[in-house]
A.B. asks: 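One structure follows; several queries about it will come next.
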Amino acid sequence: FRNKMASTFVNILKFRDFRRIWISQITSQIALNMLNFALVLHIFELTKSTTSISLVLIASALPSVIFGPFSGVFADRLNYKKILTFTNFLRFFAVLLLFLAKNNVLAILEIIFIISMISQFFAPAELSSIPLVVPEKKLVGANSIIMTTMYGSLLIGYSIAGPIISAI
């Protein structure tokens, strides 16, 4: 069973376009999870309030409630590759805004909301592009890799954010 899993993983990674999506997913999600961890700590340091941490989580989650139902339709109507590229650039520029907002809690919360909103359009485009780059017979394995990576990047991002922040 273990050999079959390893074989499936290796066979799916042979598809260049899937590999690109996967590497993009790994890097962007680890970075995003590290950022989320750092922002929670930063907001707490600024306010010394646990309520403000709740506001960070609300600012992160609210866009999925508001935009989630529409983002999949949007992704289906446009070119996936353009959505993935454009949303990654938008998230990058939104993160740069955090440097300007440094100590402004309200501005930081607004930027968190914007980053999360942009991500709501990234995720369905990413998932919808997988059937275009992987044969139907390999789709279950490819989706499994994507989902495992999603949760793995959560673990890795939060795990390494603390030591990196301490070192800085």
A.B. asks: Output the rest of the hydrophobic cluster of Val140: all Ile, Leu, Val, Met, Phe, Trp and Tyr residues reachable through side-chain heavy-atom contacts under 4.5 Å, sorted by chain and number.
C.D. replies: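 Result for Val140 is none, singleton.
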A.B. asks: From Leu90 CG over to Ile114 CD1, what is the distance, rounded to the nearest 0.5 angstrom?
C.D. replies: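 One finds 10.0 Å between CG of Leu90 and CD1 of Ile114.
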A.B. asks: Please name all residues satisfying side chain to side chain donor-acceptor pair (under 3.5 Å) with Asn88, sequence neighbours left out, ordered by chain then number.
C.D. replies: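 For Asn88, the residues satisfying side chain to side chain donor-acceptor pair (under 3.5 Å) (neighbours in sequence not counted) are Arg91.
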A.B. asks: Are Asp76 and Ser128 close enough that some pair of their side-chain heavy atoms sits under 4.5 Å apart?
C.D. replies: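 In short, these two side chains touch, coming nearer than 4.5 Å.
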A.B. asks: Do Val95 and Ile118 share a hydrophobic cluster, counting only Ile, Leu, Val, Met, Phe, Trp and Tyr and linking them when any side-chain heavy atoms are less than 4.5 Å apart?
C.D. replies: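 Looking at the clustering, Ile118 is in a separate group from Val95.
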A.B. asks: Test side chain to side chain contact (heavy atoms under 4.5 Å, CB included) on Asn103 and Ile108 and set out the steps.
C.D. replies: CA-CA 8 Å; Asn103 298 321; Ile108 293 170; over 6 Å; no
A.B. asks: When clusters are formed by joining ILVMFWY residues with side-chain heavy atoms under 4.5 Å apart, either directly or through shared neighbours, do Leu32 and Val40 land in the same one?
C.D. replies: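 Yes: a chain of side-chain contacts under 4.5 Å links Leu32 to Val40.
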A.B. asks: So, using side chain to side chain donor-acceptor pair (under 3.5 Å) as the criterion, who are the partners of Thr87 when residues are at least two apart?
C.D. replies: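 With neighbours one apart ignored, the set is empty.
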A.B. asks: Taking C-beta and beyond as the side chain, do Asn33 and Ile156 meet within less than 4.5 Å on heavy atoms?
C.D. replies: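 A side-chain contact is absent here, since even the closest heavy-atom pair is not under 4.5 Å.
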A.B. asks: Give a yes or no on whether Leu97 and Val56 share a hydrophobic cluster (residues Ile, Leu, Val, Met, Phe, Trp, Tyr; joining criterion: side-chain heavy atoms under 4.5 Å apart).
C.D. replies: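 The answer is yes; both residues are in one hydrophobic cluster.
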A.B. asks: Using links of under 4.5 Å between side-chain heavy atoms of ILVMFWY residues, direct or through other members, which residues join Phe113 in one cluster?
C.D. replies: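 Once heavy-atom contacts under 4.5 Å are chained together, Phe113 belongs with Leu62, Ile66, Phe67, Phe74, Leu78, Ile83, Met117, Phe121.
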A.B. asks: Quick one: pull up CD1 in Ile130 and CH2 in Trp22 and give me the separation to the nearest 0.5 Å.
C.D. replies: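 Reported value, rounded in 0.5 Å steps: 12.5 Å.
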A.B. asks: So, for Glu126 and Gln29, which heavy atoms are closest and what is the spacing to 0.1 Å?
C.D. replies: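 That would be OE1-NE2, 4.4 Å.
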A.B. asks: Give me the other members of the hydrophobic cluster that Phe122 sits in, counting Ile, Leu, Val, Met, Phe, Trp and Tyr linked by side-chain heavy atoms under 4.5 Å, directly or via other members.
C.D. replies: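 Taking Ile, Leu, Val, Met, Phe, Trp and Tyr as members, Phe122 shares its hydrophobic cluster with Leu84.
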A.B. asks: I need the minimum non-hydrogen distance between Ile160 and Pro163, along with the two atoms involved.
C.D. replies: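 Closest pair (atom of Ile160, atom of Pro163, distance): O-CD, 3.4 Å.
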A.B. asks: Which distance, rounded to the nearest 0.5 Å, do you find between the CE of Met147 and the CD1 of Ile145?
C.D. replies: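 Between atom CE of Met147 and atom CD1 of Ile145 there are 13.0 Å.
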A.B. asks: Is it true that a side-chain atom of Ser116 and a backbone atom of Ile112 form a donor plus acceptor pair closer than 3.5 Å?
C.D. replies: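 It does not hold such a pair.
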A.B. asks: Can you tell me how far apart CD1 (Ile43) and OG1 (Thr51) are? Round to the nearest 0.5 Å.
C.D. replies: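 So the CD1 of Ile43 and the OG1 of Thr51 are separated by 12.5 Å.
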A.B. asks: Is atom CZ of Phe15 surrounded by more than 12 heavy atoms (other residues, nucleotides or ligands) closer than 6.0 Å?
C.D. replies: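 Buried by this count: over 12 neighbours within 6.0 Å.
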A.B. asks: Are His42 and Leu46 close enough that some pair of their side-chain heavy atoms sits under 4.5 Å apart?
C.D. replies: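 They are in side-chain contact.
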A.B. asks: Do other residues, nucleotides or ligands put more than 12 heavy atoms under 6.0 Å from Phe89 CZ?
C.D. replies: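 Not more than 12 within 6.0 Å, no.
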A.B. asks: Search all heavy atoms of Ile12 against all heavy atoms of Ala142 and return the closest pair with its distance.
C.D. replies: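 Shortest heavy-atom contact: CD1-N, 3.2 Å.
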A.B. asks: Linking I/L/V/M/F/W/Y whenever their side-chain heavy atoms sit closer than 4.5 Å, directly or via other members, would Phe93 and Leu109 fall into one cluster?
C.D. replies: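 No, no single cluster joins them.
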A.B. asks: Quick one: closest heavy-atom pair of Pro69 and Val73, and the distance?
C.D. replies: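 Closest pair (atom of Pro69, atom of Val73, distance): O-CG2, 4.2 Å.
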A.B. asks: Can a donor-acceptor pair be found, under 3.5 Å and without considering hydrogens, that links the side chain of Gln25 to the backbone of Ile146?
C.D. replies: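 Yes, because the side chain of Gln25 sits within donor-acceptor range (under 3.5 Å) of the backbone of Ile146.
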A.B. asks: Using a 3.5 Å distance criterion without hydrogens, assess whether the side chain of Thr85 forms a donor-acceptor pair with backbone atoms of Lys82.
C.D. replies: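 No, Thr85 side chain to Lys82 backbone: no donor-acceptor pair under 3.5 Å.
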A.B. asks: Do Ile115 and Leu35 come close enough that some side-chain heavy atom pair is under 4.5 Å?
C.D. replies: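 When only atoms from C-beta onward are counted, Leu35 and Ile115 do touch, with a gap below 4.5 Å.
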A.B. asks: Let me check something: do Leu98 and Ile165 share a hydrophobic cluster, defined by ILVMFWY side-chain heavy atoms less than 4.5 Å apart, either directly or through other members?
C.D. replies: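 Different clusters.
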A.B. asks: Could you go through Arg20 and Asp17, starting from their C-alpha distance and side-chain angles, then the distance that decides it, and tell me whether this counts as side chain to side chain contact (heavy atoms under 4.5 Å, CB included)?
C.D. replies: CA-CA 5 Å; Arg20 287 179 169 176; Asp17 289 336; 4.1 Å; yes
A.B. asks: To the nearest 0.5 Å, tell me how far Leu154 CG sits from Asn36 CG.
C.D. replies: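 One finds 9.0 Å between CG of Leu154 and CG of Asn36.
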A.B. asks: Hey, could you give me each pair passing ring pair (Phe, Tyr, Trp, His ring centres under 6.0 Å) that has a residue in residues 147-168? Not counting sequence neighbours.
C.D. replies: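 Ring pair (Phe, Tyr, Trp, His ring centres under 6.0 Å) check on residues 147-168 returns Phe37-Tyr158.
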A.B. asks: Is it the case that the side chain of Ser52 and the backbone of Thr47 share a donor-acceptor pair, with hydrogens and angles ignored and the cut-off at 3.5 Å?
C.D. replies: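 A pair under 3.5 Å: no.
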A.B. asks: Looking at CG of Leu127 and OG of Ser129, how far apart are the two atoms once the value is rounded to the nearest 0.5 Å?
C.D. replies: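 Reported value, rounded in 0.5 Å steps: 7.5 Å.
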